[in-house]
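First listed ligand is number 1; within each ligand, the first listed atom is number 1.
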Amino acid sequence: MANVLIIGAGGVGQVVAHKCAQVGEVFENITLASRTRSKCDRIADMLPRRIDTAEVDADDVPQLVKLIEKIKPDMVIHVALPYQDLHIMDACLETGVHYLDTANYEPPNEARFEYKWQWAYQDKFERAGLMALLGSGFDPGVTSVFTAYAKKHHFDRIRTLDILDCNAGDHGLPFATNFNPEINIREITANGRYWENGQWITTKPMEEKRVFDFPEGIGEKDLYLLYHEELESLSRHFPEIERARFWMTFGASYLTHLEVLQNVGMTSIEPIEFRGQKIAPIQFLKAVLPDPASLGPLTKGKTCIGNIVRGTKNGEEKIYYVYNTCDHQACYKEVQSQAISYTTGVPAMIGAKMMLEGKWMKPGVWNLEQLDPDPFMDDMNRYGLPWQETWLDKPFQ
Ligand code: NDP
């Protein structure tokens, strides 16, 4: 039985703490630490069993080392922000502790969505006999596992991959983001990019649009092509893939708000001088937007995230669709969070469980598609993210 340190007490941290607390046979001791301790205490008070809490600034490696040495966890589950990835990885190396995160490292002043900084830690983790699992959320995370599962069980060769991320939930507010607004808006306002025939093709933000009829009563939704970090690791680990794209649904009103915010400069990550202080407009915007955690009780409807994989098996062309749907209100009832945090936090718990049970444990830095998808997919069914699979007769154009 294991001792874990969860860092980050936002929407995702709340779900990870709940789910780890539910799986007592694996996660025996849990400490939840974040920059603001009161947020950890608020979450601890909701849980069915006792966990410890602590305060830590995860940008400060000596502080992290001190906390890790005090708690002596088997691993750190990092669900603070992508800016802290390398600091926490450094602290894990210094203290001899395994590492897991849900988003690739981001330099604070550039939106890059690249794995190169973290992949550069491969030798260090391998030599130390430690494991770092990168991107164990839903996308990346489950979408990476879905791809590995499709390849393992259904295809000799994958030709195209389309990841479709649909949030059909409605919180009734004029404008809010479903997870950290700064990270979310940085992702959406960047150029789109996809992988085709060995190279990256760049598109303007929201330039490519498609409509897809989602299952389980969700119906037709508009999808827009975005760049998403798993495209980098999937195209590297499955070099046979001819084209890999990522799509996300957005409603017309959301896009209109975003366009206005962009036009007035509020989404910029470039700091400006304001009354003697330097401030990045997007950070100010984050401060005035609703806290994603507050959307939980308001949001109704479903999410549906999955992969459409086209390829061949025994010479025959096939189109496979594997997906999970989650109901916002059911998630809220279980862990007092909406489905976006839920669909990220559950895979973080399962990834940690895979490591601690030894099913995935191996030294080095790994993306999820490099590991056996089967035990992870089994646990998705057990712990609240049941998945479905079907065959399509038309390709996703
Ligand atoms: P939130 O903004 O809700 O929470 C972030 C938490 O991290 C807050 O508790 C915050 O503390 C804490 N934090 C920030 N900086 C520090 C620091 N320097 N030291 C310690 N704690 C810090 O974000 P979410 O919970 O929505 O997202 C968490 C992570 O999950 C992000 O990295 C996000 O990119 C990722 N994610 C991944 C997805 C996937 O599918 N793979 C999908 C959605 C999110 P404070 O409250 O004091 O600011």
ask   = Nearest protein heavy atom to atom 23 (O) of ligand 1, by residue and atom, and its distance?
value = Asn180 CB, 3.8 Å
query = Should the pair Asp372-Lys152 be classified as a salt bridge under the 4.0 Å nitrogen-to-oxygen rule?
reply = yes
inquiry  = With nothing but distance in play, are any N or O atoms of Leu81 less than 3.5 Å from an N or O of ligand 1?
reply    = no
inquiry  = Can you tell me how the ring of Trp200 sits relative to the ring of Trp195, calling it parallel under 30°, perpendicular over 60° and tilted otherwise?
reply    = perpendicular
ask   = Against heavy atoms of Lys39, which atoms of ligand 1 measure under 4.0 Å?
value = 45 (P), 46 (O)
task = In plain terms, say whether Lys19 and Glu334 are close enough for a salt bridge, that is, a side-chain N and a carboxylate O under 4.0 Å apart.
result = yes
Contact check: Ala80 vs ligand 1, nitrogen or oxygen atoms, below 3.5 angstrom = yes
query = Salt bridge check: are Lys151 and Glu240 linked by an N-O gap of less than 4.0 Å?
reply = yes
remark   = atom 47 (O) of ligand 1 has as its nearest protein heavy atom Thr36 OG1, 2.4 Å
message = Quick test: of every protein heavy atom, which one is nearest to atom 44 (C) of ligand 1, and how far off is it to 0.1 Å?
response = Phe179 CD1, 3.7 Å
message = Would Pro292 count as a contact residue for ligand 1, given that I'm defining contact as a non-hydrogen atom of the residue lying under 4.0 Å from a ligand atom?
response = no
inquiry  = Need the ligand 1 atom indices (1-based, order shown) with element for anything under 4.0 Å from a heavy-atom of Gly11.
reply    = 3 (O), 25 (O)
inquiry  = Within the 4.0 Å heavy-atom shell around Val56, which atoms of ligand 1 are there?
reply    = 19 (N), 20 (C)
ask   = What part of Thr344, side chain, backbone, both or neither, has a heavy atom within less than 4.0 angstrom of ligand 1?
value = side chain
message = Any heavy atom of Gly135 closer to ligand 1 than 4.0 angstrom?
response = no
task = Provide the number and element of each atom of ligand 1 under 4.0 Å from a heavy atom of Pro140.
result = 41 (N)
message = Is it the case that ligand 1 has an N or O less than 3.5 angstrom from some N or O of Val12?
response = yes
Residues Asp52, Arg50: salt bridge by 4.0 Å N-O rule = yes
ask   = Going by the atom numbers of ligand 1, which of them fall below 4.0 Å from some non-hydrogen atom of Gln84?
value = 15 (N), 16 (C), 17 (C), 18 (N)
inquiry  = Less than 4.0 angstrom from a charged side-chain N to a carboxylate O is my criterion; do Asp379 and Arg382 meet it?
reply    = yes
Arg157 and Glu242 ion-paired at < 4.0 Å = yes
query = What's the verdict on side-chain hydrogen bond (donor to acceptor under 3.5 Å, both in side chains) for Arg37 and Thr53, showing C-alpha distance, side-chain angles and the deciding distance?
reply = CA-CA 7 Å; Arg37 187 170 183 169; Thr53 62; 3.1 Å; yes
request  = Quick one: look up the protein heavy atom nearest atom 41 (N) of ligand 1 and list residue, atom name and how far away it is.
outcome  = Thr102 O, 2.9 Å
key: Residues Glu106 and Arg186 bridged, charged N to O under 4.0 Å   = yes
For atom 6 (C) of ligand 1, the protein heavy atom that lies nearest, with its residue and separation = Gly10 N, 3.7 Å
ask   = Taking the six-membered ring for Trp, are Trp391 and Tyr320 ring centroids under 6.0 Å apart?
value = yes
remark   = shortest atom 12 (C) of ligand 1-to-protein heavy-atom contact is with Ser34 OG, 3.4 Å
ask   = Against heavy atoms of Asp59, which atoms of ligand 1 measure under 4.0 Å?
value = 18 (N)
key: Under 4.0 Å to a heavy atom of Ala58 - the qualifying atoms of ligand 1, by number   = 17 (C), 18 (N), 19 (N), 20 (C)
remark   = heavy-atom search around atom 33 (C) of ligand 1 in the protein gives Ala103 CB, 4.4 Å
ask   = Taking only heavy atoms of Asp57, which atoms of ligand 1 are found under 4.0 Å from at least one of them?
value = 17 (C), 18 (N), 19 (N)
ask   = Are Leu93 and Tyr105 connected, step by step, through hydrophobic side chains (Ile, Leu, Val, Met, Phe, Trp, Tyr) whose heavy atoms are closer than 4.5 Å?
value = yes
query = What protein heavy atom is closest to atom 9 (O) of ligand 1, reported as residue, atom name and distance in Å?
reply = Ala9 N, 3.0 Å
query = So does Arg243 pair up with Asp162, basic N to acidic O under 4.0 Å?
reply = yes
key: Pair Arg310 + Glu317, salt bridge at N-O below 4.0 Å   = yes
